[in-house]
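Notes follow the structure.
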There are 2 protein chains.
Amino acid sequence: MKHYTKHPKHFVAVDCVILGYDEGELCLLLYPRGFEPSKGAWSLMGGFVQDGESSDNAAKRVLKQTIGLEDIFMQQVAAFANPDRDPEARVISLAYYALVRMDEHDKACVRENGAHWWPISELPEMIFDHGKMVEQALVKLQQEAGYRLIGKELLADKFTLLQLRKLYEAIFQREFDPGNFRKKILSLDVLERLNEKDLSESKKGAFYYTCKNEVTERGLDRIVKV
Amino acid sequence: MKHYTKHPKHFVAVDCVILGYDEGELCLLLYPRGFEPSKGAWSLMGGFVQDGESSDNAAKRVLKQTIGLEDIFMQQVAAFANPDRDPEARVISLAYYALVRMDEHDKACVRENGAHWWPISELPEMIFDHGKMVEQALVKLQQEAGYRLIGKELLADKFTLLQLRKLYEAIFQREFDPGNFRKKILSLDVLERLNEKDLSESKKGAFYYTCKNEVTERGLDRIVKV
DNA sequence: TCAAAAGTGTTTACTATACACCCATGT
DNA sequence: ACATGGGTGTATAGTAAACACTTTTGA
């Protein structure tokens, strides 16, 4: 310890960019900050890293507390460590993003915090550097979705190719040709077709698919060209 | 301050993956740790984030101290925050990678620390999780080099296309077809040909090129297919 | 019968890759 | 003369993108 003690210690927080998907649009969960500074302003869900707790676990804990879900897809975005990013005290924050199914989360839990789902296209002003965190999280999500099929993280267990395509269109903010998208996705051989159709979107009915529950295949092929 | 004080504070460090290029191979600068724990074991250059100092600046400071260079290309890799990653005390570390020209750095400065350049293909065991930091830094470097021309960061101000190709071969650990590589790079229109030839590598002599000093163009085109 | 999505097939354009080939020149 | 890297051109293959067309069925 003797070699470390001359150095200062800092508060270390995690801030979670919690993303869901609903009605063709990505949504972000924000809540009105409950204490000063910036009390009442829109903020990411966050919490402080405790002793003996990894930042990954701190992020999981925050997620559990705010939406009541565990075993969620989650990834580190970056560290934000400007000394004056929080006007009240120096807090170094590690940003994470999480993908949750909006229908599965604990709504009571969310309501309790006064939290609100915002469509990604019309986000409000956020406190501190939370806006930047969201920006960088969305870039990371695109990178992830470009190399690995993001499906079961944001959709239901079974989904149609239309639903998957709309999700990708929301993530990449552009349209994909229905035929080409179908061929590309199916060529990856990571989906399994069920003997069940969704009749809500078309008269003909579209087959449901599920993700093959093999190892979450990585780097199999590019999905979206950059 | 009243809302924060109930939370613990932590040591926050930066660890720098300092990469250079020499004789067709990427090299990593390591030094024998000067204090316990793990005194004498090979370690990345690191330092603690001070009060009022951003982590970016802490990383710059470490770089200045260890190789005597400023204004170096540098990027955050990730936060490493397992509570027991450092057996002596809890230290949350932010990993950065830096690209330096090996001929330009202050050799006295480096020697003073007992530091040593290791070719990337034969790295020694490192302390703690430094090996993982290096791994992730190399992935980040590949991503960066795949979208943006990495040249002046690791080579001299002027370089031949052979030198640039060898650099890319070192970064991606695979060979590139000389003709195709040349065409691809020149099509990016980010290099300027000088009226000067390097005669050391071939009888015919190869033109030197420099990076056009426009805005460091981003996302112009993929350089390396993934 | 029409609209709307499902699903399949075809055509075109582009680009990565492989590789042939001439050039210049020191040894 | 020949070996070596410099530099250019071309042929092939694979893939992204555009789009035509057929299927199904409720309204």
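Because the structure is predicted, anything quoted here is derived from the model rather than measured. Numbered from 1 within each chain, the chains take letters A, B, ... in sequence-line order. Just so you know, these numbers use all the heavy atoms, side chains as well, and skip hydrogens, waters and symmetry mates.
Of the side-chain N and O atoms in A:Lys184, one or more sit less than 4.0 angstrom from OP1 or OP2 of D:dA16. Not one side-chain nitrogen or oxygen of B:Lys203 sits closer than 4.0 Å to the OP1 or OP2 atom of D:dG6.
As rounded to whole Å, 10 Å separates atom C1' of D:dG5 from atom CZ of B:Arg182. Between B:Arg193 atom CZ and D:dG7 atom P the separation is 8 Å, expressed in whole Å. Following rounding to the nearest Å, B:Leu164 (CG) and D:dG7 (C1') show an atom-to-atom distance of 16 Å. In this entry the distance linking CZ of B:Phe207 with C1' of D:dT8 reads 14 Å, nearest Å. The nearest whole Å value for the distance from the CZ atom in A:Phe181 to the P atom in D:dT15 is 18 Å. Atom C1' of nucleotide C:dG26 and atom CD of B:Glu201 are separated by 14 Å, given to the nearest angstrom. Here the P atom of nucleotide C:dA4 and the NZ atom of A:Lys166 are 13 Å apart, to the nearest Å. Distance, A:Asn180 CG to C:dC14 P: 16 Å, rounded to whole Å.
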For this session: Report the C-alpha distance between A:Trp42 and A:Leu123 in whole Å, list the side-chain angles of each, state the deciding distance to 0.1 Å, and finish with yes or no for side chain to side chain contact (heavy atoms under 4.5 Å, CB included).
Result: CA-CA 10 Å; A:Trp42 293 101; A:Leu123 294 176; over 6 Å; no

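A:Asp198 and A:Thr160 share no donor-acceptor pair across their side chains, judged by distance under 3.5 Å alone. Judged purely by distance below 3.5 Å, without hydrogens or angles, the side chains of B:Tyr96 and B:Asp56 pair a donor atom with an acceptor atom.
A residue-by-residue look at A:Ala206 and A:Asp177 shows that A:Ala206 has its nearest nucleotide of DNA chain C further toward the 5' end. Nearest-nucleotide mapping onto DNA chain D: of A:Gly179 and A:Gly205, the residue sitting toward the 5' end is A:Gly179. Between A:Leu186 and B:Lys204, the one whose closest nucleotide on DNA chain C sits nearer the 5' end is A:Leu186.
Residue B:Leu162 is classed as a sugar-phosphate contact, given heavy-atom separations below 4.0 Å to backbone atoms only.
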Review item, side-chain donor-acceptor pairs of residues 19-31 of chain A, under 3.5 Å, at least two apart:
unit_1  : atom_1 : unit_2   : atom_2 : d
A:Tyr21 : OH     : A:Leu167 : N      : 3.4
A:Glu25 : OE2    : A:Ser121 : OG     : 2.6

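Scanning all heavy atoms of the two residues, the minimum distance from B:Arg33 to B:Asp86 falls at NH2-OD2, 4.2 Å.
Picking from C:dA18, D:dA18, D:dG7 the nucleotide with the shortest atom distance to the side chain of B:Lys183 gives C:dA18.
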